[in-house]
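Just below is one structure, and these are the notes that go with it.
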There are 2 protein chains.
Amino acid sequence: MQTNTYEQYQENKRFVAVDCVVFGYEDDKLKLLVFQRAIEPAKGEWSLVGGWTNKEESTEDAARRVLQKWTGLQDVYLEQVHTFSDPNRDPGGSVITVEYYALIKIDDKTSNLIKDYGAKWYTLDELPPLIFDHDILVEKALEKLRLRSSYEIIGRKLLPEKFTLTRLRNIYDQIFMRKFDPGNFRKKILSLKVLERLEEKDMSESRKGAFYFKFKPKKEGEFSDPIFKRSI
Amino acid sequence: MQTNTYEQYQENKRFVAVDCVVFGYEDDKLKLLVFQRAIEPAKGEWSLVGGWTNKEESTEDAARRVLQKWTGLQDVYLEQVHTFSDPNRDPGGSVITVEYYALIKIDDKTSNLIKDYGAKWYTLDELPPLIFDHDILVEKALEKLRLRSSYEIIGRKLLPEKFTLTRLRNIYDQIFMRKFDPGNFRKKILSLKVLERLEEKDMSESRKGAFYFKFKPKKEGEFSDPIFKRSI
DNA sequence: GCAAAAGTGTTGTAGTTACACCCATGC
DNA sequence: GCATGGGTGTAACTACAACACTTTTGC
């Protein structure tokens with residue numbers, strides 16, 4: 001173990017937690033994963049997935065560890081959102097929390113794992129009130145997700161291997177809480193040349209059928225798929 | 001003192017610091033404030049302004065306290081940037097740092113206070129290497145500042161009461177590390193209607209003289225001065 | 001008059017929006 | 001044959017970039 005030059009400042013040490021806003025897409029709905037809190041205070045109330053960090057890991061690793069523990073999920077997409085530190089934000093004591101949002105693909109396997117822990121997927125409009133400042137964390141995560149979604153097509157982390165453009169648009173409709181014009185959305189997305197059309201069609205949503213698409217493999221070192229060229 | 005439900009998790013407690021990337025504008029240059037570190041390890045080397053947080057305050061309050069202590073500055077504009085937590089980022093021990101950037105108006109009073117503490121203003125291109133991951137923090141702060149600057153005119157926090165458009169453009173040139181077209185920049189900024197032209201001219205930079213401008217008072221509850229209307 | 005920065009005008013391009021319209025197919 | 005989502009085309013609008021041009025004034 002490394003020597004710690006700062007041990008004289010012991011009394012400054014803090015509780016540091018991570019909280020994850022977990023987004024998933026199921027039954028054409030953007031959903032959010034919430035848990036019933038396992039410890040006091042507010043035991044039993046709805047809360048985000050969270051846990052303590054420890055000093056041998058980064059907060060991102062802690063977030064991954066916590067997600068793995070509670071949901072069985074691995075290799076999720078994480079992005080740091082914000083750090084909350086109001087000493088009164090948690091009635092149990094002064095706790096700093098580093099917030100992440102996660103994007104995951106919901107499949108049967110994950111669904112089962114999640115059920116084991118008293119967790120539940122809620123759509124954004126049906127979300128119950130959450131403990132502490134977690135409602136604010138959700139709002140912040142959404143803002144960050146919107147920002148990210150305007151720089152790159154985020155469906156890659158939420159959708160199954162093959163999907164229709166209507167489904168992708170549906171995600172964007174829900175993230176931005178508005179209706180995108182189907183024609184314009186299609187042209188915009190296809191102009192970015194990050195999707196590849198498959199020969200197969202999805203016949204379940206319309207008579208005509210809609211072509212499936214998949215993401216082209218992401219090139220190494222390639223930064224992202226900018227949706228808007230404009231900058232200052 | 002409030003009771004702490006979490007005391008049983010003592011061994012999870014962490015060192016949490018704040019670091020501030022302080023931007024100022026002086027002699028037509030965007031500058032960054034760095035200090036010579038006062039404690040081991042890396043004592044005497046250049047570092048960002050930073051300090052410990054304690055559990056009675058938020059990290060933002062800690063940042064304000066630290067800035068006040070080292071620079072005498074009060075009422076600065078702060079924005080949280082990112083939280084760094086790699087357990088090996090600080091050779092002195094596992095320390096989480098919450099990063100903020102600050103925008104300040106440099107005047108003679110602040111200059112004097114700052115000199116007292118072995119601090120120094122550097123332009124971006126002359127910045128010496130900083131300790132630990134602080135070079136990365138600077139890069140992150142710049143990115144965040146660029147983002148903010150494309151949503152609202154940030155000069156309000158950096159410039160004196162009255163200023164010319166050339167000076168404002170000069171700030172943008174340096175933040176984005178490119179030359180903005182003087183005519184286009186002028187039209188863009190004035191179209192936002194957040195500036196008010198004064199009758200007085202600055203005759204020091206040209207024969208013709210350039211009108212001084214000032215920011216209109218910010219309306220209460222008004223969010224910001226968007227520079228780009230476009231969204232997805 | 002000339003240099004130099006301040007300030008205005010003009011034109012082309014490209015991203016975006018709104019919306020009309022055709023397509024394919026199961027009923 | 002018609003309703004429905006899938007998919008294409010087009011015209012108007014607007015932000016932006018490039019750049020020409022005019023203004024002012026000290027030297």
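Below, chains carry the letters A, B, ... as their sequence lines are ordered, and counting in each starts from 1.
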Checklist outcome for this item: In 5'-to-3' order, the base (B), backbone-only (S) or no-contact (-) status of each nucleotide in nucleotides 18-27 of chain D, using a 4.0 angstrom heavy-atom cut-off, is BB---BBBB-
Next on the checklist: With a 4.0 Å cutoff (strictly under), does any side-chain N or O of Thr166(A) reach OP1 or OP2 of dG5(D)?
Outcome noted: no
Next on the checklist: Using whole Å, what does the distance between atom P of nucleotide dA17(D) and atom CZ of Phe176(B) come to?
Outcome noted: 11 Å
Checklist entry - In whole Å, what is the span from the CG atom of Leu165(B) to the P atom of dA6(C)? => result 9 Å
Item to check | Whole-Å gap separating P (dA15(D)) and CD1 (Ile189(B)) | outcome: 14 Å
Checklist entry - Whole-Å distance between dA24(C) P and Phe211(A) CZ? => result 10 Å
Next on the checklist: Rounding to an integer number of Å, can you tell me how far Leu195(B) CG sits from dG7(C) C1'?
Outcome noted: 15 Å
Checklist entry - Over how many whole Å does the gap from Leu192(A) atom CG to dG15(C) atom C1' extend? => result 12 Å
Checklist outcome for this item: From the list Ile104(B), Val76(B), Leu33(B), side chain to side chain contact (heavy atoms under 4.5 Å, CB included) partner of Leu67(B) resolves to Val76(B)
Next on the checklist: Need to verify one output field. Residue with the more 5' nearest nucleotide on DNA chain D, Glu205(A) or Arg197(A)?
Outcome noted: Glu205(A)
Checklist entry - Within the pair Ser206(A) and dT25(C), is there a side-chain N or O less than 4.0 Å away from OP1 or OP2? => result no
Checklist outcome for this item: To the nearest angstrom, the CZ-P distance between Arg169(B) and dA5(C) comes to 10 Å
Checklist entry - Within this structure, what is the CZ-to-C1' distance between Phe185(A) and dC19(C), rounded to whole angstrom? => result 19 Å
Item to check | Summary of side chain to side chain donor-acceptor pair (under 3.5 Å) pairs that have at least one residue in residues 129-145 of chain A, sequence neighbours excluded | outcome: Arg89(A)-Asp133(A)
Next on the checklist: Checking Lys120(A) now: which residues fulfil side-chain contact (heavy atoms from CB on, under 4.5 Å) with it, not counting sequence neighbours?
Outcome noted: Trp46(A), Tyr122(A)
Next on the checklist: Could you work out, with side chain to side chain donor-acceptor pair (under 3.5 Å) as the rule, every residue matching Ser206(B), not counting sequence neighbours?
Outcome noted: none
Next on the checklist: I'd like to check the side chain to side chain donor-acceptor pair (under 3.5 Å) partners of Thr166(A); sequence neighbours left out, ordered by chain and number.
Outcome noted: none
Next on the checklist: Are more than 12 heavy atoms, taken from residues, nucleotides or ligands other than Lys105(B), located less than 6.0 Å from that residue's NZ atom?
Outcome noted: yes
Checklist entry - What residues, two or more places apart in sequence or in another chain, satisfy ring-ring contact (aromatic ring centres under 6.0 Å, His included) together with Tyr101(A)? => result none
